[in-house]
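See structure below.
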Amino acid sequence: MKNLFDKTSMKNMSLRNRFVRSATWENRAKENGEIDNEILELYSDLADGEVGLIITSYAYITKDEQPNPRMLGIYDDSLIKSYKKLVDTVHNRGSKIMMQIVYGGSSTNYNTETRTILGPSRVPNIYKGTVPKEMDKDDIDNIVNSFATAALRCKKADFDGVQIHGAHGYLLSQFLDPYHNRRTDEYGGSIENRSRIILDVYKAVRKSVGDDFHVGIKINISDNRDGGATIEDCIYVSNELDKIGIDSIEVSGGEFYKFKGESYFKEDASRVASAVKCPVILVGGNRTLENMNNILNNTNIEYFSMARPLIREPKLIKSYEKNNSYKPKCINCGNCMSVEKTCIFN
């Protein structure tokens, strides 16, 4: 019987448990994307709390593009030195760390007047209303190359791996979404075409960092709305990535903030996990050990990631290990397991 506190290996990483800190925007970096002592303390607390694998908040890959302010940046070699300090801090406390890299596209309201916003098609963003410039082939090639060079910086900074952000309505997710992608060329239409840029990004990243470096992706199980990407699209892309060597897939979903209850993507995520050979990481509503152990032993899902519970309690994993019935604290009431503004479990 598998256990959440098993010591496991994921590609080049030996992990002390199956818990992952999922990337979440912290709004704490310097204006140029550099880290400071506040960021170091945050990740130190997570590692002290015995999170097996920490995935950083998303980092922007080109100097002139970021979907939110005070994001981490990995767009220039000058940033590598400060990240080495972050990685050393986490490693010295027994955890592993990957960096999530992103290109935002039209999923932003930040600074849109002073920069060029790129997207698959000239369509108003369904949530933000921002209208991007439709990317031409040079734009696509530049973004693919930017992902690759950013990933190489992560390797030079001694991160254990990199996660490509292909979820939550950012650029790569937009290419999969028929609403945002109205193209008629080789990057639009069929799922084979809509997923092409994601496969191109993975191949370029892999070529840049080599076979010994962990390369994962975060992807929507679906966009959870009419006209968006579907579970079948997700399974197709996951299969294609698996064939060419992706090392892990973290399964999330669109409009995730509308979901209630525990592990709300588990059924669809288990379909992905059954379709691929690489490890699948489940995010979204993971709260109790009993629930996660049940998923671990009755599906092919191997790892469980959390964001908001670890914001509330950075040392949550330590508390789990000491007390099998421990439940994360609710920001609202302090008692139930919710980390939403309203209690959802009582």
| message | Quick check for you: to the nearest 0.5 Å, what is the distance between L316 atom CG and L310 atom CG? | response | 5.5 Å
| query | If you round to the nearest 0.5 Å, how far is OG1 of T184 from CG of N193? | reply | 10.0 Å
| request: Take N125 and I117 through the side-chain contact (heavy atoms from CB on, under 4.5 Å) test and state the conclusion after the steps. | output: CA-CA 11 Å; N125 187 276; I117 308 295; over 6 Å; no
| For D247 and C278, what are the C-alpha separation, side-chain angles and deciding distance, and is it a side-chain contact (heavy atoms from CB on, under 4.5 Å)? | CA-CA 6 Å; D247 294 314; C278 72; 6.0 Å; no
| query | Can any side-chain N or O of N145 pair as donor or acceptor with the backbone N or O of N142 at less than 3.5 Å? | reply | no
| note | From the list I164, V144, V201, I61, side-chain contact (heavy atoms from CB on, under 4.5 Å) partner of Y103 resolves to I61
| query | Within a reach of under 6.0 Å around NZ of K84, are more than 12 heavy atoms found that belong to other residues, nucleotides or ligands? | reply | yes
| task | Answer yes or no: does atom NZ of K81 have more than 12 heavy-atom neighbours from other residues, nucleotides or ligands under 6.0 Å? | result | no
| Side chains of E302 and T8, donor plus acceptor under 3.5 Å | no
| If you group Ile, Leu, Val, Met, Phe, Trp and Tyr by side-chain heavy-atom gaps below 4.5 Å, do I246 and I101 land in one group? | yes
| request: Taking the side chain as every heavy atom from C-beta outward, state whether S57 and M71 have any pair of such atoms under 4.5 Å apart. | output: no
| field | Between Y320 and E313: side-chain donor-acceptor atoms closer than 3.5 Å | value | no
| Is F159 close to K156 at the side-chain level, that is, under 4.5 Å between some pair of heavy atoms? | no
| request: Examine the side chains of S274 and N300 and answer whether a donor and an acceptor come within less than 3.5 Å of each other. | output: yes
| Is P120 close to L171 at the side-chain level, that is, under 4.5 Å between some pair of heavy atoms? | yes
| remark: Output for pair (Y264 OH, N286 CG), nearest 0.5 Å, gives 8.5 Å
| Would you call R93-D48 a salt bridge at under 4.0 Å N-O? | yes
| If we only count heavy atoms from C-beta on, is the N291 to K266 side-chain gap below 4.5 Å? | yes
| Which heavy atom of Q174 sits nearest a heavy atom of H180, and at what distance? | O-CB, 3.7 Å
| request: Answer yes or no: is there a donor N or O on one side and an acceptor on the other, between the side chain of E250 and the main chain of S22, under 3.5 Å? | output: no
| CG/L4 to CG/L289 distance, rounded to the nearest 0.5 angstrom? | 6.0 Å
| Would you call the rings of H165 and Y58 parallel, tilted or perpendicular if under 30° counts as parallel and over 60° as perpendicular? | tilted
| query | Just one of R194, R225, R183 clears the salt bridge (charged side-chain N to carboxylate O under 4.0 Å, His left out) bar with D177, so which one? | reply | R225
| message | I'd like to know if K137 and D141 make a salt bridge, using a cut-off of under 4.0 Å between side-chain N and carboxylate O. | response | yes
| Polar side-chain atom of T149 near backbone of S146 as donor-acceptor pair, under 3.5 Å | yes
| request: Say whether, by atom type as modelled, one donor and one acceptor occur between the side chain of T56 and the main chain of Q100 under 3.5 angstrom. | output: yes
| said: Which residue is it: K11, K155, K96, H91? I am looking for the one with a side chain to side chain donor-acceptor pair (under 3.5 Å) to D160. | reply: H91
| remark: Rounded to the nearest 0.5 angstrom, the CG-OG distance for L53 and S248 is 8.0 Å
| message | Could you tell me if the side chain of L46 sits less than 4.5 Å from the side chain of Y43, heavy atoms only? | response | yes
| field | Short side-chain to backbone donor-acceptor contact, S305 and V20, under 3.5 Å | value | no
| request: In plain terms, say whether K133 and D139 are close enough for a salt bridge, that is, a side-chain N and a carboxylate O under 4.0 Å apart. | output: yes
| Short side-chain donor-acceptor distance under 3.5 Å, S190 and E192 | yes
| request: Verify, without hydrogens or angle tests, whether S208 (side chain) and A204 (backbone) share a donor-acceptor contact under 3.5 angstrom. | output: no
| said: With heavy-atom distances below 4.5 Å as the criterion, would you say the side chains of M99 and Y83 are in contact? | reply: yes
| query | Is there a path of hydrophobic side-chain contacts, each under 4.5 Å between heavy atoms of I, L, V, M, F, W or Y residues, that connects I281 with L172? | reply | no
| query | So, R21 side chain and I55 main chain: donor-acceptor pair closer than 3.5 Å or not? | reply | yes
| request: Indicate yes or no: at least one non-hydrogen side-chain atom of M292 is less than 4.5 angstrom from one of M306. | output: yes
| query | Where is the tightest heavy-atom contact between I301 and A269, given as atom of each residue plus distance? | reply | CD1-CB, 3.9 Å
| query | Can you tell me if NZ on K207 sees more than 12 non-hydrogen neighbours from other groups inside 6.0 Å? | reply | no
| What's the shortest heavy-atom distance between S238 and V276, and which atoms? | O-CG1, 3.7 Å
| request: Please check if I80 and L72 belong to a single hydrophobic cluster, counting links between Ile, Leu, Val, Met, Phe, Trp and Tyr side chain heavy atoms closer than 4.5 Å. | output: no
| E321/K318 salt bridge by N-O under 4.0 Å criterion | no
| query | Would R115 and T62 count as having a side-chain donor-acceptor pair, cut-off 3.5 Å? | reply | no
| message | Tell me whether the count of non-hydrogen atoms from other residues, nucleotides or ligands lying under 6.0 Å of NZ in K2 goes above 12. | response | yes
| request: State, without any angle test, whether S195 and E240 hold a side-chain donor-acceptor pair at a distance under 3.5 Å. | output: no
| query | With a 4.5 Å heavy-atom cut-off, do I217 and I198 have their side chains touching? | reply | yes
| remark: Heavy-atom closest pair (M13 atom, M98 atom, distance to 0.1 Å) is CE-SD, 3.8 Å
| request: Go through the steps to decide whether L40 and L86 satisfy the test side-chain contact (heavy atoms from CB on, under 4.5 Å), and finish with yes or no. | output: CA-CA 6 Å; L40 281 174; L86 174 65; 4.0 Å; yes
| said: Please give me the minimum heavy-atom distance between P124 and Y179, naming the atom from each residue. | reply: O-OH, 3.0 Å
| Once you round to the nearest 0.5 Å, how far does NZ of K63 lie from CG of L79? | 9.5 Å
